[in-house]
Amino acid sequence: MLTKSTLKSLLAVVLMVGLYFANLPTGKAQTIVRQDAEIKKMVEEISAANLEALVRKLASFDTRHSLSTLKDKKKGVGAAREWVKAEFEKYAQASGGRMTVELDKYNVKANGQRIPQDVELANVMATLKGTDPNDDRVLIISGHLDSRNTDIMDAKGKAPGANDDGSGVAAVMELARIMASRQFPATIIFVAVTGEEQGLLGARHLAEKAKAQNWNLIAMLNNDMIGNSSSDETELRNNMQVRIFSEGIPAVETEEQARMRRATNRENDSESRQLARYMKEIGERYVDQLEVKLVYRNDRFLRGGDHTPFSQNGFPAIRVCEMNENYRHQHQDVRVENGIQYGDLPEFIDYEYMRKNTALNLASLANLAWAPYAPANVGVNIKNLTNKTDLQWEAPAKGERPAGYYVLMRETSSPVWEKKFFVKDTNVTLPYSKDNYFFAVQAVDAEGHESLPVFPVPVR
Ligand SMILES: [Zn+2]
């Protein structure tokens, strides 16, 4: 006869067996995360206190509206850009002459919209020249210096722009400070653009210059609002996630590129999307307590940012942006209404969150600038009908010789790469069908720095 106590002990045994099986390893391979000591060190050099000091200084110019005064020594965009330039020049001292600083001026014609009369604007740019004279790769990180309040045309009223986009500019400055003393074979441009709120003017100027001068621009990272973690609609903070926006179907394609995209089902594998995925992997490799959310859009719903002119000129470009936006502090006049403080003020920024988002940028930029060139002529062989996948590529023609290559693989429905095969040769046959998976190849050096992945084209 079953007594109550035997039932109880039977139940306990069943529970224990259940727990035992629940705790068994699932058979999933453990990934060993390899961190580069120098990147780790640079990430640790980013300081929340520094970032706060930079944001507070940027907010102290009252307004950095693109059309605000250039004459006042303390207020307006003129004083702000001189200050950023002077800071860049301080950082450049550690570069042994490799970092040069300039006001990159450009003219904008009156357009009857946000530019009422012809005007000369300027981006503040620090260029850290690559150490390898044969390396023509360029990487850009940007934030926008200009700010606004409720009235987009108000060039005089207060517009502290602490988060939009003091946070992005401060991140760019912090990276310039930390990276100036390090040697990268590729060139990195740190830029505070202007004219964003008046129509992405400074970014367009730079993108068109890159296009006209045929730059080998492999990555453009736009940081616009990366410091706010609160929401005006809920009490919830989110300082554990950050968004990266990237286009799926490229803004510009030739007929042939569009045909090839359709033929290879490449709508989720644009170069900008590869860059976004890369930043998710590298960012999460180096930054604790931060999840990178890939958003499959060029930008927020019906909106755009400084990466957009770069995409439109055919360059891989993404936007980093906080998870929560707070509309009490975005594009608002500084005021108190019904006991609520409005305005983009420095006290509403979460500087620890901003530190993590800055670190995501640093780790991604450094890893990419130290990586070999991407492999060339990456192809998937379609000569024979087979359930395997035959990939081939060539070593990059320039730069450091890769130690090998990672062949990346994922389910067609997976947002991120799921498997990584290390190959020393320049071809591989994998026992997985190209019908059921996506593949890409990246070059990797002995320290583990990976290039951007290259999506294969069909070859015979
Ligand atoms: Zn902005």
Side-chain angles (χ1 to χ4, degrees), residues 51 54-55 58-59 61-68 77 80-81 84 113-115 121 123-124 140-155 157-173 190-207 220-232 242-246 295 297-311 317-334 342-346 348-350 353-354 357-358 360-361:
L51 292 170
L54 292 170
V55 166
L58 285 162
F61 294 99
D62 272 12
T63 179
R64 303 187 308 275
H65 191 281
S66 293
L67 307 173
S68 60
V77 72
R81 75 189 194 190
V84 174
Q113 293 170 326
R114 291 179 174 190
I115 296 292
L121 304 176
N123 296 333
V124 195
I140 294 180
I141 177 164
S142 82
H144 69 84
L145 183 63
D146 60 306
S147 64
R148 63 168 287 187
N149 55 30
T150 306
D151 174 6
I152 181 64
M153 300 310 288
D154 178 6
K158 263 197 192 304
N163 190 46
D164 186 10
D165 184 27
S167 64
V169 172
V172 168
M173 294 172 75
F190 307 85
V191 61
V193 300
T194 50
E196 195 271 349
E197 306 288 8
Q198 312 308 117
L200 314 177
L201 305 171
R204 181 158 297 120
H205 161 71
L206 187 55
M220 190 278 172
L221 281 45
N222 167 27
N223 281 261
D224 197 349
M225 299 193 296
I226 62 164
N228 172 73
S229 61
S230 69
S231 153
D232 51 325
V242 63
R243 294 176 292 179
I244 295 187
F245 292 89
S246 61
V295 184
R297 290 201 152 112
N298 176 55
D299 206 321
R300 299 155 305 146
F301 192 64
L302 304 181
R303 300 174 78 174
D306 286 327
H307 55 307
T308 307
F310 287 88
S311 303
I318 57 90
R319 174 188 187 141
V320 181
C321 191
E322 61 213 15
M323 200 67 203
N324 276 347
E325 289 182 49
N326 193 319
Y327 297 101
R328 284 178 188 165
H329 309 308
Q330 189 180 129
H331 301 182
Q332 292 281 359
D333 288 336
V334 178
Y342 289 83
D344 192 354
L345 296 163
F348 296 113
I349 291 190
D350 179 338
Y353 177 54
M354 199 181 144
N357 294 338
T358 306
L360 153 71
N361 281 279

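Just so you know, ligand 1 is whichever comes first in the structure, and atom 1 is the first atom listed for that ligand.
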Undergrad: Have a look around the Zn ion (ligand 1) and list protein N/O/S atoms under 2.8 Å, or say none.
TA: His144 NE2, Asp164 OD1, Asp224 OD1, Asp224 OD2

Undergrad: Mind listing the closest non-hydrogen atom pair of Asp350 and Ser229 along with its distance?
TA: OD2-OG, 2.8 Å

Undergrad: Which is it for Arg148 and Gln330 under the side chain to side chain contact (heavy atoms under 4.5 Å, CB included) test, yes or no, and what are the steps along the way?
TA: CA-CA 9 Å; Arg148 63 168 287 187; Gln330 189 180 129; over 6 Å; no

Undergrad: Checking side-chain contact (heavy atoms from CB on, under 4.5 Å) against His307, which of Asn223, Ile318, Leu200, Asn298 comes through?
TA: Asn298

Undergrad: Of the options Asp62, Asp344, Asp151, Asp333, which is the one that meets Lys158 in a salt bridge (Lys or Arg N to Asp or Glu O under 4.0 Å)?
TA: Asp62

Undergrad: Look at Arg64 together with Glu196 and state whether they make a salt bridge at an N to O cut-off of under 4.0 Å.
TA: no

Undergrad: Pick out which of Arg319, Arg300, Arg303 makes a salt bridge (Lys or Arg N to Asp or Glu O under 4.0 Å) with Asp224.
TA: Arg319

